[in-house]
Amino acid sequence: MRIPIQQRLGTVIAVILPPLMLGCAAAPELDPTPLEPGRLPAANITVSIPQLGPCTDSPERSFALDSSRPVTVLVHGCNGSAGRFRSLAQLYAFHGQQAICFDYDGRDSLLRSSAELVAALGSLQEKVRDRNVTVIGHSMGGLVA
């Protein structure tokens, strides 16, 4: 039996639109306490770069790094925050890898947010000897990256 195209489109729209109409859910309250150092190498620099910081919801945004080791920058999704990647950053630390978070306003344009990320990464690369920086974005953070 053939289903008319209008009926099929109606089904597709009914399945796709409800999740899209929900938009981004509000972020829950997150833990602002510092991360456990895990097996991180000893830091030799403390860095303060706008929009980059530890993966916590603490208002303190400066972070310590071993400038001779690679860094992973995590970019949150819509209505997220740096603290949304707390567990992932803690896992990185457990394995002796450095992770920091880029925080942006999801209401800004993607062009503006991505330009801010590029500027923050440029500032980071000026401060570290190992310029091996990996960027990982989740959801809208992937678009920003």
Take Phe85 and His138 through the side chain to side chain contact (heavy atoms under 4.5 Å, CB included) test and state the conclusion after the steps.
-> CA-CA 10 Å; Phe85 282 125; His138 167 70; 3.7 Å; yes

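For Asn44 (side chain) and Ser67 (main-chain N/O), a donor-acceptor pair under 3.5 Å exists by modelled atom type. Remark: side-chain polar atoms of Arg69 are not paired, donor with acceptor, to backbone N or O of Pro41 under 3.5 angstrom. Formation of a donor-acceptor pair under 3.5 Å by the Gln98 side chain with backbone atoms of Asp66 is found in this model.
Note on Leu121 and Leu143: same hydrophobic cluster, where clusters join Ile, Leu, Val, Met, Phe, Trp and Tyr whose side-chain heavy atoms are under 4.5 Å apart, directly or indirectly. No continuous path of ILVMFWY side-chain contacts below 4.5 Å connects Leu40 to Val47, so the two sit in separate hydrophobic clusters. Note on Ile45: it clusters hydrophobically with Leu52, by side-chain heavy-atom contacts below 4.5 Å among ILVMFWY residues.
Residues Ser62 and Glu60 bring a donor and an acceptor atom of their side chains to less than 3.5 Å of each other. Judged by distance alone, the side chains of Asp108 and Ser113 never bring a donor and an acceptor atom under 3.5 Å apart.
Side-chain contact between Pro70 and Thr134: absent, with no pair of heavy atoms (C-beta onward) separated by less than 4.5 Å. Within the 4.5 Å cutoff, the side chain of Leu124 has no heavy atoms near those of the Arg131 side chain.
Summarising the geometry of Tyr104 relative to Gln51, their closest heavy-atom pair is CA-NE2, 3.9 Å, with the distance given to 0.1 Å. Across every non-hydrogen atom of Ser81 and Asp57, the tightest pair is OG-OD1, 2.9 Å.
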